[in-house]
Amino acid sequence: MDSVVQLQRQLVDYTGQLFNEGFLDDQFNQLQQLQDESNPDFVVELVTLFFEDSEKLINELAKDLEQQSIDYRKIDAHVHQLKGSSSSIGVQRVQKVCIAFRNYCEERNIEGCQKCLQQVKNEYSLVKSKLETLFKLEQQVLAAGGSIPWPM
């Protein structure tokens, strides 16, 4: 039982770290509260959809920014969508970069847009890795016979 308590403590500490470092916000907690026995994989499924959609949007943004004639409205629409989905699952750092990205779109600033695309890619990769680690920790707790101590 000590190993279960140790894993739970590790999970709580890691989750707290994600909040303290600004990767996640309270929206993520709210999603976790919607998860129950009838839908135990709700958050993982939602975040997986976010990953799939975000990768498509990031690839579209990269293609859009390589065009001879840049369609800033189209880019802004993709960034707006990424910002909204980031916000809806509580992925705060991606959302914040998207706000700056949209400002550069409005200014029609190609250098700013390219810089923000790189930042979005970096923040997305970081948060994806962090959330995958979080979900692995949750699985370890459950596999050891423990329960997830939500909300954290």
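Since this is a predicted model, take the numbers as computed values, not measurements.
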(request) State, with a plain yes or no, whether a side-chain heavy atom of L61 is found less than 4.5 Å away from one of F101. (result) yes
(request) Mark yes or no for whether S54, through its side chain, and F51, through its backbone, hold a donor-acceptor pair below 3.5 Å. (result) no
(request) Output, in order, the C-alpha distance, side-chain angles, deciding distance and verdict of side chain to side chain contact (heavy atoms under 4.5 Å, CB included) for E138 and F135. (result) CA-CA 5 Å; E138 288 178 1; F135 296 147; 3.7 Å; yes
(request) Write down the atom of L7, the atom of A144, and the distance for their closest heavy-atom approach. (result) CD1-CB, 3.8 Å
(message) To the nearest 0.5 Å, what is the distance between CG on L65 and CD1 on I75?
(response) 4.0 Å
(request) Find out whether L131 and V44 are in side-chain contact, i.e. whether some heavy atom of one side chain is under 4.5 Å from a heavy atom of the other. (result) no
(request) Using a 4.5 Å cut-off on heavy atoms from C-beta on, say whether the side chain of F23 contacts that of V94. (result) no
(request) Keeping to residues at least two apart or across chains, list the salt bridge (charged side-chain N to carboxylate O under 4.0 Å, His left out) pairs with something in residues 44-53. (result) none
(request) Calculate, to the nearest 0.5 Å, the distance between atoms CD and CG belonging to Q95 and L82 respectively. (result) 10.0 Å
(message) I need the C116 SG to K96 NZ distance, nearest 0.5 Å.
(response) 14.0 Å
(request) Report yes if the side chains of Y104 and E111 come closer than 4.5 Å at any heavy-atom pair, otherwise no. (result) no
(message) Can a side-chain donor-acceptor contact be found between Q30 and D26 if the only test is distance below 3.5 angstrom?
(response) yes
(message) Would the distance check show the side chain of Q8 and the main-chain N or O of S147 forming a donor-acceptor pair, the cut-off being under 3.5 Å?
(response) yes
(request) Could you grab the distance from atom OG of S86 to atom CD of Q27, nearest 0.5 Å is fine? (result) 11.5 Å
(request) Determine whether more than 12 heavy atoms belonging to other residues, nucleotides or ligands lie under 6.0 Å from atom CD of Q67. (result) yes
(request) Taking all heavy atoms of K121 and all of A62, pick out the closest pair and write down the distance. (result) NZ-CB, 4.5 Å
(message) Using the rule that Ile, Leu, Val, Met, Phe, Trp and Tyr join whenever any side-chain heavy atoms are under 4.5 Å apart, tell me whether L57 and L126 fall into a single cluster.
(response) yes
(message) Please evaluate residues I89 and V43 with respect to the criterion side chain to side chain contact (heavy atoms under 4.5 Å, CB included), reporting the C-alpha separation (whole Å), side-chain torsions for both, the decisive distance (0.1 Å), and the verdict.
(response) CA-CA 9 Å; I89 67 162; V43 175; over 6 Å; no
(request) Determine whether K83 and V97 make a side-chain contact, defined as any pair of heavy atoms from C-beta on separated by less than 4.5 Å. (result) no
(request) Examine L34 and F50 and state if one hydrophobic cluster contains both, with Ile, Leu, Val, Met, Phe, Trp and Tyr joined whenever side-chain heavy atoms are less than 4.5 Å apart. (result) yes
(message) Taking the side chain as everything from C-beta on, heavy atoms only, tell me whether L142 gets closer than 4.5 Å to Q139.
(response) yes
(request) Say whether, by atom type as modelled, one donor and one acceptor occur between the side chain of Y124 and the main chain of Q119 under 3.5 angstrom. (result) no
(message) What's the separation between atom NZ in K115 and atom CD1 in I110, rounded to the nearest 0.5 Å?
(response) 13.5 Å
(request) Find out whether K130 and Y14 are in side-chain contact, i.e. whether some heavy atom of one side chain is under 4.5 Å from a heavy atom of the other. (result) yes
(message) What verdict does the side-chain hydrogen bond (donor to acceptor under 3.5 Å, both in side chains) test give for Q118 and Q114, after you've listed the backbone C-alpha separation in whole Å, the side-chain angles of each residue and the deciding distance to 0.1 Å?
(response) CA-CA 6 Å; Q118 194 56 50; Q114 290 169 332; over 6 Å; no
(message) I'd like to know if E55 pairs up with K128 as an ion pair, taking the criterion as any Lys NZ or Arg NE/NH1/NH2 lying under 4.0 Å from an Asp or Glu carboxylate oxygen.
(response) yes
(message) Listing request: all salt bridge (charged side-chain N to carboxylate O under 4.0 Å, His left out) pairs with a residue in residues 59-82, at least two apart in sequence or in separate chains.
(response) E60-K63, D64-K74, D76-R102
(request) Determine the minimum heavy-atom distance between V79 and C98, stating which atoms define it. (result) CG1-O, 3.4 Å
(message) I'd like to check L24 versus Q92 (side-chain heavy atoms, cut-off strictly below 4.5 Å). Are they in contact?
(response) no
(message) For L11, is there any backbone N or O sitting under 3.5 Å from a side-chain donor or acceptor partner on T15?
(response) yes
(request) Spell out, as yes or no, whether a donor-acceptor pair under 3.5 Å connects the side chain of E123 to the backbone of R93. (result) no
(message) Going by salt bridge (charged side-chain N to carboxylate O under 4.0 Å, His left out), name the pairs with one or both residues in residues 28-42, residues two or more places apart or in two chains.
(response) none
(message) Has S88 got a side-chain atom pairing as donor or acceptor with S85's backbone, closer than 3.5 angstrom?
(response) yes
(message) Are F42 and F28 connected into the same hydrophobic cluster when the rule is that any two of I, L, V, M, F, W, Y join if their side-chain heavy atoms are below 4.5 Å apart?
(response) yes
(request) Taking all heavy atoms of V4 and all of G146, pick out the closest pair and write down the distance. (result) CG1-CA, 3.5 Å
